[in-house]
There are 2 protein chains.
Amino acid sequence: MADGTSKKPSRIQMRNRSLILDAALDVFSAHGYRGATLDQIAEAAGLSKPNILYYFAGKEEIHVTLLNQLMETWLDPLVEMDASGDPMTELLDYVQRKLDMSRDLPRESRLFAGEILQGAPRMLPHLRADLKPLFDEKCAIIQAWMNEGKLAQVDPRHLVFSIWATTQHYADFDTQVRTLLDDDPHDSAARFLDQMYRSLLAP
Amino acid sequence: MADGTSKKPSRIQMRNRSLILDAALDVFSAHGYRGATLDQIAEAAGLSKPNILYYFAGKEEIHVTLLNQLMETWLDPLVEMDASGDPMTELLDYVQRKLDMSRDLPRESRLFAGEILQGAPRMLPHLRADLKPLFDEKCAIIQAWMNEGKLAQVDPRHLVFSIWATTQHYADFDTQVRTLLDDDPHDSAARFLDQMYRSLLAP
DNA sequence: TCGTAGCTTTACCAATTGGTCAAAAAGTGA
DNA sequence: TCACTTTTTGACCAATTGGTAAAGCTACGA
């Protein structure tokens, strides 16, 4: 069988599982959990529905697997923010990394947004266990930078929220952005956000 | 019948239609369009399912009605931004009005976010017809203010995006915000955003 | 008070959808 | 080639869900 209890996954298993997960990311991010159907996922993956269920116990397990994988990717840019670096550079780089993620991983951003929007029914434990400690740690670092006079004094928590909000906006509200803008927003957004956080954080 | 073609809606019609719409706003904003069921809406409204369908032609019509009503409310704070007022005051007041809306109308915010997140299948026409002209008009006003030297030069379009993103974040990502913060974020968010846009826009 | 229009409910459908099962097909090592 | 395991499929099922039909109830003006 294809349960995780056995040892080595075969090459076919590796290929099909990632085929399924990629298709599911498409479908879940486009239609939400309830809006997505196993048939859609199966078709997008090029496999039959029962075959999907040979590799995953059910729809929810696929969703949870995606969410788990996502969490690591999602936190990575914040993890990289280094207490020993130059504060302004570290923060502005963080903003750019998050903005790049919105451009490069819009499906992941929307999957995450959809999950939080509905009250994070399958991700609250992750938020508490993984995100919260990291958030507190990095807020403390930012606060320390401010106390040293390297940055202007602002509320670090809302600073981080604003970075998340402004950068993810370009993935999550892409439809709206594209309706209102003619050209690709990435470069002009990068310049704007750099300018905004530079002026806010200049000591 | 209860179709819109006849004349005066009775008092019962008024009451039940708003009962249904309020219940539907609860359910749609909490679970998304596909995630919401007529049974849930019916129960939340205290009416039977066929009775719901006596007042609305179907699930989609309820959703569209909500979206249409929402659009006006949603654009109102931006409409109020006045070209003849003091630029900095007008913009900072706009930020506060949007932030207040996130606190006072979180269901509406989430309904809107969910619709855009899924590609605005039922709202693209509205975005083009209502939002786009208003957006262009207000961006032109902001640009004029900057040209007069009343505000620092930034990209007005991304400025508006950032206001939307940062303020709606507190409604749409409420679950995440509440997981990371202990106290109510509204007042501290208001101070942070005031500080951020003041420093960004100071000429 | 009675007729009628407006409102509500009970019973029911048909389509969708997550999931099952047993058998067939395809690999795989000896 | 043969035995055996892994993978794939077609047929099927039960629950959910959007929606309908028709009968019953209620309010209200003449």
Side-chain angles (χ1 to χ4, degrees), chain A residues 1-28 30-67 114 118 121-122, chain B residues 1-28 30-67 114 118 121-122:
Chain A
M1 9 177 146
D3 59 34
T5 60
S6 347
K7 38 243 155 167
K8 311 277 174 175
S10 73
R11 224 148 303 122
I12 287 185
Q13 270 179 47
M14 299 278 284
R15 178 176 57 90
N16 283 352
R17 279 185 66 98
S18 82
L19 231 45
I20 292 168
L21 288 174
D22 188 73
L25 180 55
D26 265 358
V27 178
F28 280 132
H31 305 292
Y33 179 75
R34 281 279 324 254
T37 71
L38 284 178
D39 294 280
Q40 285 175 300
I41 296 172
E43 193 192 328
L47 300 173
S48 68
K49 183 167 65 172
N51 206 5
I52 300 277
L53 293 165
Y54 173 73
Y55 291 100
F56 290 91
K59 182 183 180 182
E60 177 146 1
E61 192 184 286
I62 302 177
H63 195 239
V64 168
T65 303
L66 280 176
L67 255 20
Q118 317 226 325
R122 294 165 240 279
Chain B
M1 12 178 144
D3 59 34
T5 62
S6 349
K7 42 249 151 161
K8 312 276 174 176
S10 74
R11 225 146 303 124
I12 286 184
Q13 268 179 53
M14 299 278 283
R15 179 177 56 90
N16 282 352
R17 278 184 68 97
S18 81
L19 229 45
I20 292 167
L21 288 174
D22 189 72
L25 181 55
D26 265 358
V27 178
F28 280 133
H31 306 292
Y33 179 75
R34 282 279 322 257
T37 71
L38 285 178
D39 293 278
Q40 285 174 301
I41 296 172
E43 193 192 330
L47 300 171
S48 67
K49 183 168 65 174
N51 206 4
I52 300 276
L53 293 166
Y54 174 74
Y55 291 101
F56 291 91
K59 182 183 179 181
E60 178 147 2
E61 193 184 284
I62 302 177
H63 195 240
V64 168
T65 303
L66 280 175
L67 254 23
Q118 317 227 323
R122 294 165 241 277

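In the text below, chain A, chain B and the rest are named by the order of the sequence lines, each starting its count at 1. Keep in mind that the numbers below use all heavy atoms, side chains included, and drop hydrogens, waters and symmetry copies.
- Put simply, CG on A:Leu38 is 20 Å from P on D:dC13, counting in whole angstrom units.
- Whole-Å rounding puts the A:His63 NE2 to C:dG19 P distance at 13 Å.
- The closest side-chain donor-acceptor pair between B:Arg122 and B:His63 falls under 3.5 angstrom.
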TODO: Report the C-alpha separation of A:Asn16 and A:Ile12 in whole Å, then their side-chain angles, then the decisive distance to 0.1 Å, and conclude whether the side-chain contact (heavy atoms from CB on, under 4.5 Å) test is met.
DONE: CA-CA 6 Å; A:Asn16 283 352; A:Ile12 287 185; 3.8 Å; yes

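- Comparing atom distances between the B:Tyr55 side chain and each of C:dG18, D:dT7, C:dC7 picks out C:dC7 as nearest.
- Among the atoms of the strands shown, base atoms are found under 4.0 Å from some heavy atom of A:Ser48.
- Separating the OH atom of B:Tyr33 from the P atom of D:dT17 is a distance of 14 Å, rounded to the nearest angstrom.
- To the nearest angstrom, P of D:dT16 lies 14 Å from NZ of A:Lys59.
- Residue contacts shown for B:Ala42 are absent, as no nucleic acid heavy atom lies under 4.0 Å away.
- Here the P atom of nucleotide D:dT17 and the CD1 atom of B:Ile52 are 15 Å apart, to the nearest Å.
- An OP1 or OP2 oxygen of D:dT9 is reached within less than 4.0 angstrom by a side-chain nitrogen or oxygen of A:Asn51.
- Between A:Gln13 and D:dT6 there is no side-chain polar atom (N or O) within less than 4.0 angstrom of OP1 or OP2.
- Atom CD1 in A:Ile62 sits about 11 Å away from atom C1' in C:dG18, given to the nearest Å.
- Nearest-nucleotide positions on DNA chain C place B:Pro50 closer to the 5' end than the other of B:Pro50 and A:Thr37.
- Judged purely by atom type and a 3.5 angstrom limit, A:Gln40 uses its side chain to pair as donor or acceptor with the backbone of A:Thr37.
- The side chain of A:Tyr54 contributes no N or O atom lying less than 4.0 Å from OP1 or OP2 of D:dT8.
- An OP1 or OP2 oxygen of C:dT8 is reached within less than 4.0 angstrom by a side-chain nitrogen or oxygen of B:Asn16.
- Remark: C1' of C:dT17 and NZ of A:Lys49 are 6 Å apart, rounded to the nearest angstrom.
- Proximity of B:Arg34 to the phosphate of C:dT16: no side-chain N or O atom is located under 4.0 Å from OP1 or OP2.
- Sparse packing is recorded around CD of B:Glu43, with 12 or fewer heavy atoms of other residues, nucleotides or ligands lying under 6.0 Å away.
- Between A:Asp39 atom CG and C:dG19 atom C1' the separation is 11 Å, expressed in whole Å.
- A parallel orientation is assigned to the rings of B:Phe28 and B:Tyr33, their planes being inclined by less than 30° (bins at 30° and 60°).
- At the heavy-atom level, A:Leu53 lies under 4.0 Å from base atoms of the strands shown.
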